[in-house]
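These notes are about the structure you will find just below.
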Amino acid sequence: MPYTTNDIKRVEEKWQKYWKENRVFKVSEVSKGKTSETLATSATSDSSRPKYYVLEMFPYPSGKIHMGHVRNYTIADVIARYKMMRGFNVLHPMGYDAFGQPAENAAIKRGVSPSEWTYKCIDDMRAGLRKMGFSYDWDRELATCDDTYYKWNQWIFLKMFEKGLAYKKGSPVNWCPSCETTLANEEVIDGACWRCKNQVVQKDLEQWYLKITEYSETLLGDLQKLDNWPSRVKAMQENWIGKSFGADIFFKVKGSEDVITVFTTRPDTIFGATYVTLAPEHPLVMKLAKGTAQEKAVAAFVEKRANTSKSLRMSGDQRKEGVFTGGYAVNPVNGEEIPIWVGDYVLMEYGTGAIMAVPTHDQRDFEFAREHGLPMRIVIQDPANPGIAPDKMDKAFVDSGALVNSQQFDGTPNEEAKQKISAWMEENKMGRVSVHWRLRDWLISRQRYWGAPIPMIYCEKCGIVPVPEKDLPVRLPKEAPITGEGGSPLAKVDDFVKVKCPQCGHDARRETDTMATFFDSSWYFLRYCDAHNDKAIFDKDKAAYWMPVDQYIGGIEHAILHLLYSRFFTKFLKDLGLVTCDEPFDRLLTQGMVLKEGEVMSKSKGNVVDPDEVIAKYGADTLRMFILFAAPPEDELEWNPAGLEGNWRFLNRVWNTVEEQYVPGAADPAVLDDEGKKLEFERNLAVKRVTDGMEGGFKFNTAISAVMVLMNAVDRYRNSPLAPNLTILERQALLNRALETVVLLLSPFVPHVAEELWQKMGKTEKTVAFIPWPELDESALKTDTVTIVAQVNGKVRGEFTVPRDADESVLRPIVLADAGVQRHVAGKAIRKVIVVKNKLVSIVV
RNA sequence: GGGCAAGUGGUGGAAUGGUAUACACGAAGGACUUAAAAUCCUUUGGCCGAAAGGCCUUGAGGGUUCAAUUCCCUCCUUGCCCACCA
């Protein structure tokens, strides 16, 4: 019977039901050498089996799964199922990153509670995931909005507070006026809110921060351990952490006790500093201007700057504006008095908020100096332009050269001078060698409702008091006035706010901000190790068994935020003694986007293809196969209905061939005929190619193509004449073996069809997911003869079938006897013959 | 401006120094059919040629090598990330 739409539905529902009811993918860890109970249908759990933890980035439950999810989770599912067949004890969990703003927006728009809306979405999501046939251990499912989960968020926060890693400070923060909440630096993209794309402004607020900077050095250094991460993700993190080596240099302010410390990565240019520039927010700016003719101009500049949003400043022409402060600084290396300016191109948040300007050797300083007519002095000679005058330069010279105008350092190559001058300055107390980081502490408080409450209490007598551990979780009140306006909704819930101080017992107020949702997702992979523990965040031994995640899969958009925060949390929890690994994710695969007509599929572009519709027409297996076959997992994937159709036809062909050609019970032949040998060769070649594809970087597209090649060989074998020394049954046995291999090799990709065909083959002992992966018979790949090519002067001139492993003495006469080769060799002297065994003979004339 | 990828038939893509274009899609022709769908078979990088065969071809140019999509240099294009970070 051909494979029709009805069959797909029947077969896919049948197996999804079977997997669910028998909890086939429930996994048990081996803890303290003890084996926990396991279901008969799933893999037997014995301590000799190595563990494998496959994880995909859990979804935000927006309602329905989309093609991006389908791609992400299909890739993970193939890996999980393959590892199961290879005998690993596989943990493959799923959950929901369920806190966040869309739930609040839905509450405002539709009047449903965020909780109700979210749990409904989770139900829909789960149904969508089940329809794809993913091999999750559903017993470990979690949602970050459950108090059984966020209780431990709060617990981590308290531990961080205890260790001084969570602290509150007032400072200018990124504020999204549309979302009415603060944002982390990482959440501001091109000056706009990452979620709503509105312009972000700066606001002075008291906020909670996590001291991620405490881990800068190890977050940077440990990137080196991540051999199996894409290099570009590592590069992005490296950039983001941004370690700069250089020097802090002390400039005394003329006529005052004040000292301006500048940071520079170019101490070699110190003799070329012709002015100093301060950031507008620098505390000395107004002090310097006070009482000078510049006072008004400086005040106006600072004011104007304060009223310009960061995003506006960064957009536009980036002309360098600034004014003279009226003050002078003394260059410590030569006693020169140079003017102090305030300029908008100097950022208070980076370095010391002050720079020494060397216009000849820094392009920004150059532009500022030109704009404002400031002096320049060359201190590094451009080898291509010796003796050029500063006013003849059209841009700063930033390459290497020897020092000039630098006293005792004249003639020193500048790279060498960096070290020498720094050391010399340090010795003479003019400066010190220093390192600055781009990474800032992580702002985690949000003025929103749908998040984990920050477990802190404000008492007039005792100050900031942490909620005692025994009082966790601090539950989110069910009802709160969510309007999207006027700050934290929780502040308006009296029952929540009013609390007794845990220390003195007097009236106190709760913190009403909630945690950024990236907090929730920074440790969920640890909770999966022991998802229902109500006594502890997780059992240490269980985490030690499962961690690190062996294979993590998700989108490149999380290359910085989520992955950096997760690394930070893992390191913190390791310091607490709860985790044994340094890094949470051993291997990382970043899957490419799904495109349609060259554009990313997205709701806003209106070009989405609904997975449900595809499943209804072709089934989940066809969808899975198309997604895996059309492009390697890391590449972009162009949605192609014709390709989908092609994969559907292939599955039909496999289905029909098994139904019509597979006859159980045939006995293997003692000796193979030539056609049989060929089939066994192709069968083993497919095993080798699929296995290599799985082990060497998840090349699913070529793995599937290898199975297609095997199917082509099966058809050829069926249509070949029966050899005289074989019985029909013996021939049948070879065909059966090949078809069994086809089904097993395909099973990680198309599990429903594979289960059904496996059953049709009469193999009912257990689900196909735990049948051992086909073994490779290397000897079948060693044919007696091989095809080699002959090249003359690097060009292919002939093809030969020769005995395997023949050497030059055998090959040379065969090749030279060939007419095609002779045409190009005759009459010329043979200078060299190169033989690559079983591959080619190369003749140089 | 800095960093990282990538560029191969009509299309998605394959090949990690050794037969460039595997596998699939699409297209063309054929078989089956009253017909269509489905299925099956054949052909399918370009140019010259009746054929045998020859020449060209992996963004462009150069280099290393008997041999380069693959290694090296220069340039062009596209995508992504970061960015007045001193």
Side-chain angles (χ1 to χ4, degrees), chain A residues 2 4 189-190 230-240 242-244 246 262-266 269 277 279 313-314 318-321 343-347 349-358 361-365 367-368 395 398 436-439 556-557 559-560 590 592-593 625-626 629-632 634-647 649-650 652-653 656 689 699 701-709 711-712 715 719 787-799 819-820 823-824 831-845:
Chain A
T4 67
I189 317 285
D190 290 332
S231 57
R232 68 172 174 146
V233 173
K234 286 189 278 186
M236 283 187 216
Q237 294 221 350
E238 210 175 307
N239 274 337
W240 190 265
K243 187 180 192 178
S244 291
V262 306
F263 171 64
T264 182
T265 54
R266 296 293 306 274
T269 64
T277 313
R313 259 187 275 144
M314 302 214 304
Q318 300 208 343
R319 257 185 63 216
K320 293 183 173 47
E321 293 182 20
D344 63 358
Y345 75 107
V346 179
L347 309 174
E349 315 90 86
Y350 184 74
T352 59
I355 61 156
M356 64 171 202
V358 185
H361 305 298
D362 181 284
Q363 187 58 25
R364 293 152 305 181
D365 297 344
E367 285 165 24
F368 191 81
K395 61 172 197 262
V398 295
H436 283 261
W437 301 83
R438 221 192 71 109
L439 187 68
I556 187 76
E557 68 274 17
I560 297 170
T590 51
M593 302 271 194
M625 191 176 182
F626 166 73
F629 181 65
E634 285 98 339
D635 289 10
E636 290 179 331
L637 172 86
E638 174 68 34
W639 184 257
N640 175 8
L644 190 71
E645 189 87 34
N647 287 117
R649 283 202 301 260
F650 178 73
N652 271 287
R653 189 173 145 213
N656 292 338
R689 287 186 57 202
K699 298 270 182 197
N701 54 335
T702 51
I704 291 171
S705 83
V707 183
M708 289 173 168
V709 172
M711 270 307 287
N712 293 344
D715 281 353
N719 296 325
T787 303
I788 64 159
V789 290
Q791 295 182 339
V792 180
N793 287 349
K795 294 203 173 201
V796 178
R797 299 299 180 185
E799 199 179 285
R823 221 183 351 256
H824 297 91
R831 284 178 38 215
K832 208 170 171 186
V833 175
I834 294 143
V835 174
V836 182
K837 250 188 197 172
N838 302 328
K839 270 195 176 142
L840 60 74
V841 176
S842 183
I843 300 162
V844 189
V845 297

Each nucleotide of nucleotides 21-33 of chain B classed B (base within 4.0 Å of a protein heavy atom), S (only sugar-phosphate) or -, in 5' to 3' order, makes -BBSSS-------

Look at A:Lys832 and B:C66 and indicate whether a side-chain polar atom (N or O) is within less than 4.0 Å of OP1 or OP2. yes

Nearest of B:U19, B:G12, B:A14 to any side-chain atom of A:Val789? B:U19

Base, sugar-phosphate or nothing for A:Val844? Non-hydrogen atoms, less than 4.0 Å. sugar-phosphate

According to the Watson-Crick and G-U wobble definitions, with both distances under 3.5 Å, which nucleotide is paired to B:U39? B:A31

Tell which nucleotide pairs with B:C4, taking only Watson-Crick or G-U wobble pairs whose two distances are both under 3.5 angstrom. B:G79

Should A:Arg797 be listed as having a side-chain N or O under 4.0 Å from OP1 or OP2 of B:G53? no

With sequence neighbours left out, what residues match A:Arg266 under salt bridge (charged side-chain N to carboxylate O under 4.0 Å, His left out)? A:Asp268

Does B:U44 have a Watson-Crick or wobble partner in any strand here, with both distances under 3.5 angstrom, and which is it? B:G26

Considering only B:C80, B:C66, B:C84, which nucleotide approaches the side chain of A:Ile834 most closely? B:C66

Between A:Asn793 and A:Val845, what is the shortest heavy-atom contact and its length? OD1-N, 3.0 Å

What is the nucleic acid contact for A:Pro230, judged by heavy atoms within less than 4.0 Å: base, sugar-phosphate only, or nothing? nothing

Out of B:G13, B:G54, B:U19, minimum distance to the side chain of A:Arg823 belongs to B:G54

Quick one: the side chain of A:Glu238 and the base of B:G3, do they pair up donor-acceptor inside 3.5 Å? no

Nucleotide paired to B:U58 in any strand shown, Watson-Crick or G-U, under 3.5 Å: none

For B:U65, the Watson-Crick or wobble counterpart (both distances under 3.5 Å): none

Among B:U19, B:C80, B:G3, which nucleotide sits nearest the side chain of A:Gln791? B:U19

At under 4.0 Å between heavy atoms, what does A:Val796 touch on the DNA or RNA strands: base, sugar-phosphate, or nothing? sugar-phosphate

For B:A5, does either OP1 or OP2 sit under 4.0 Å from a side-chain N or O belonging to A:Lys234? no

Below 30° counts as parallel, above 60° as perpendicular, anything between as tilted: where do the rings of A:Phe263 and A:His436 land? tilted

From the options B:C80, B:A86, B:U19, select the nucleotide whose nearest atom is closest to the side chain of A:Met236. B:C80

Under 4.0 Å from OP1 or OP2 of B:G54: is there any side-chain N or O of A:His824 that close? yes

B:G61 glycosidic conformation (syn if within 90° of 0, otherwise anti) is anti

Hey, does A:Glu799 reach any base, or is it just sugar-phosphate, or nothing, if we go heavy atoms under 4.0 Å? base

Phosphate-side-chain proximity, A:Arg438 and B:A86, N/O vs OP1/OP2 below 4.0 Å: no

Students often get this wrong, so: under 4.0 angstrom with heavy atoms, is A:Ser842 touching a base, only sugar-phosphate, or nothing? base

Scan A:Val346 against the nucleic acid and name what it touches under 4.0 Å (heavy atoms): base, sugar-phosphate only, or nothing. base

Closest to the A:Arg232 side chain, choosing from B:G12, B:C80, B:A86: B:C80

Measure from CG on A:Leu840 to P on B:A20 and round the result to the nearest Å. 10 Å

